[in-house]
Amino acid sequence: MKVEIWSDIMCPFCYIGKRRFEAGLEQFAHKDEVEVIFRSFQLDPNASKDPDHDVYGLVAKKYGVSREQSIQMHAGLVQQAAALGLEYNFDHAVPANSFDAHRLIHFGAAHGKRTEVAELLFKAYFTDSKHIAKLETLKGIAAEAGLDPEALEAALNSDAYKQEVLAECAEANQLGANGVPFFVINRKYAVSGAQQSDVFLDVLNKSWEEEKPLIILDPSSSGKDGQVCTDDACGIGENE
């Protein structure tokens with residue numbers, strides 16, 4: 001079974017949704033047969049690499065609320081995150097462009113570290129208040145994931161992984177994602193938003209039941225020889 005998760009590094013519900021999905025997956029009887037792939041999505045492709053505002057000001061402007069209201073809204077997110085063991089530090093968060101961070105995820109994927117890199121990026125932004133658009137930050141995360149930071153720098157100084165990020169962003173729109181997180185299970189079911197863990201467990205079970213392999217019964221267990229044609233022989237005329 002394949003689960004694809006479209007998310008943006010600076011989306012608070014994406015980190016919360018990741019944890020809730022993981023909790024649901026942990027209860028899934030066939031969890032070891034599930035491949036989880038983090039896909040790229042940018043909530044604000046035009047965001048600056050060097051922002052001149054903080055998270056509170058950004059959200060206040062975007063939704064037309066006061067700064068005080070924005071702070072209260074974020075306080076609610078802090079509580080939701082804490083219930084999942086996550087620490088959100090919005091006071092010092094740097095809401096910068098996430099494009100190169102998504103390229104780092106693809107760099108990690110090329111070395112078998114896609115999920116680990118995504119987790120480290122979420123932590124870097126929400127908990128450690130790191131500037132995820134800066135090269136040195138991304139190199140540090142690469143090193144933490146056991147990747148070559150100099151190889152990452154060379155990749156980011158080229159066009160490497162740019163098309164992959166853009167393609168995944170476009171694919172999300174084609175699949176009907178109006179926002180993130182957006183979970184797609186076996187390209188048949190989609191779950192939008194940071195739903196509770198039992199919602200994810202239910203859809204995993206439903207998808208598994210519909211997609212599970214056929215159970216082949218052994219005819220020998222009935223005491224009769226099976227009549228079957230294979231590439232090598234055919235039992236025509238036998239057991240008549």
Side-chain angles (χ1 to χ4, degrees), residues 1 3-32 34-44 54-60 62-63 65-96 98 101-102 105 114-132 137 141 144-145 172 177-185 189-208:
M1 182 184 295
V3 178
E4 299 163 276
I5 306 174
W6 271 266
S7 57
D8 196 3
I9 303 304
M10 295 185 299
C11 165
F13 290 114
C14 288
Y15 203 8
I16 289 172
K18 181 178 184 292
R19 280 293 185 273
R20 288 178 177 169
F21 169 76
E22 290 167 347
L25 179 63
E26 187 61 30
Q27 301 174 65
F28 182 52
H30 309 282
K31 62 183 179 181
D32 293 336
V34 177
E35 178 187 11
V36 180
I37 303 175
F38 283 88
R39 302 292 190 191
S40 298
F41 190 97
Q42 278 198 289
L43 290 168
D44 185 3
D54 62 6
V55 170
Y56 302 132
L58 175 68
V59 170
K62 182 176 182 179
Y63 295 105
V65 299
S66 69
R67 181 176 180 84
E68 290 69 25
Q69 288 174 310
S70 178
I71 291 173
Q72 291 178 353
M73 291 163 59
H74 284 85
L77 290 171
V78 170
Q79 292 178 353
Q80 287 189 51
L84 297 166
L86 300 175
E87 181 183 352
Y88 279 10
N89 291 316
F90 289 116
D91 286 352
H92 304 290
V94 184
S98 62
H102 285 293
I105 292 176
R114 184 193 293 260
T115 301
E116 184 175 350
V117 168
E119 174 68 24
L120 289 172
L121 279 165
F122 278 127
K123 181 178 181 294
Y125 177 73
F126 286 105
T127 303
D128 301 331
S129 303
K130 293 185 178 179
H131 194 319
I132 61 167
T137 298
I141 292 171
E144 191 174 354
N178 296 317
V180 286
F182 190 71
F183 303 78
V184 177
I185 297 90
Y189 292 104
V191 177
S192 180
Q195 304 294 333
Q196 297 298 325
S197 58
D198 59 342
V199 174
F200 292 115
L201 179 58
D202 286 345
V203 74
L204 287 171
N205 282 323
K206 182 177 179 62
S207 184
W208 178 265

Nearest heavy-atom neighbours spanning Ala81 and Ile16: N-CD1, 4.1 Å
CD on Glu144 to CD on Glu116, rounded to 0.5 Å: 8.0 Å
Side chain to side chain contact (heavy atoms under 4.5 Å, CB included) between Arg20 and Gln195, worked out: CA-CA 7 Å; Arg20 288 178 177 169; Gln195 304 294 333; over 6 Å; no
Distance, nearest 0.5 Å, that separates CH2 of Trp6 from CZ of Phe182: 7.5 Å
Val3/Leu204 under side chain to side chain contact (heavy atoms under 4.5 Å, CB included): CA gap, chis, key distance, verdict: CA-CA 9 Å; Val3 178; Leu204 287 171; 4.0 Å; yes
Parallel, tilted or perpendicular: rings of His30 and Trp208 (30°, 60°): parallel
Least distance between heavy atoms, Phe90 atom then Leu77 atom: CE1-CB, 4.0 Å
Heavy-atom closest contact (His102 atom, Ser7 atom, distance): CE1-O, 3.3 Å
Distance, nearest 0.5 Å, that separates CG of Leu25 from OG of Ser197: 11.0 Å
Gap separating the CZ atom of Arg39 from the CZ atom of Phe183, nearest 0.5 angstrom: 14.0 Å
pair Val34-Phe28: side-chain heavy atoms closer than 4.5 Å: yes
side-chain contact (heavy atoms from CB on, under 4.5 Å) partner of Glu4, the single match among Ile185, Val184, Val36: Val184
Sidechain-backbone polar pair: Ser66 side chain, Gln69 backbone, donor-acceptor under 3.5 Å: yes
Intermediate values then yes/no, side chain to side chain contact (heavy atoms under 4.5 Å, CB included), Arg114 and Ile37: CA-CA 7 Å; Arg114 184 193 293 260; Ile37 303 175; 3.6 Å; yes
Closest non-hydrogen atom pair, Val65 against Met73: CG2-SD, 4.3 Å
Any residue meeting salt bridge (charged side-chain N to carboxylate O under 4.0 Å, His left out) with Arg19, in chain and number order, not counting sequence neighbours: Glu22, Glu119
Whether Tyr88 side chain and Pro12 backbone form a donor-acceptor pair below 3.5 Å: yes
Interatomic spacing from CG in Asp8 to OH in Tyr125 - rounded to 0.5 Å: 9.5 Å
Test salt bridge (charged side-chain N to carboxylate O under 4.0 Å, His left out) applied to Asp54 - qualifying residues, sequence neighbours left out: Arg67
Geometric class of the Tyr15/Phe122 ring pair [parallel <30°, tilted 30-60°, perpendicular >60°]: parallel
Reported CG-to-SG distance for the pair Leu121 and Cys14, which is rounded to 0.5 angstrom: 12.5 Å
Exam field: side chain Thr137 to backbone Ile132, donor-acceptor pair closer than 3.5 Å: no
Parallel, tilted or perpendicular: rings of Phe200 and Phe21 (30°, 60°): perpendicular
Over all atoms of both residues, closest heavy-atom pair of Val94 and Lys130: CB-O, 4.4 Å
Side chain to side chain contact (heavy atoms under 4.5 Å, CB included) assessment of Asp91 paired with Tyr56: CA-CA 8 Å; Asp91 286 352; Tyr56 302 132; 2.4 Å; yes
Considering all heavy atoms, the nearest Val180-Cys11 contact: O-SG, 3.6 Å
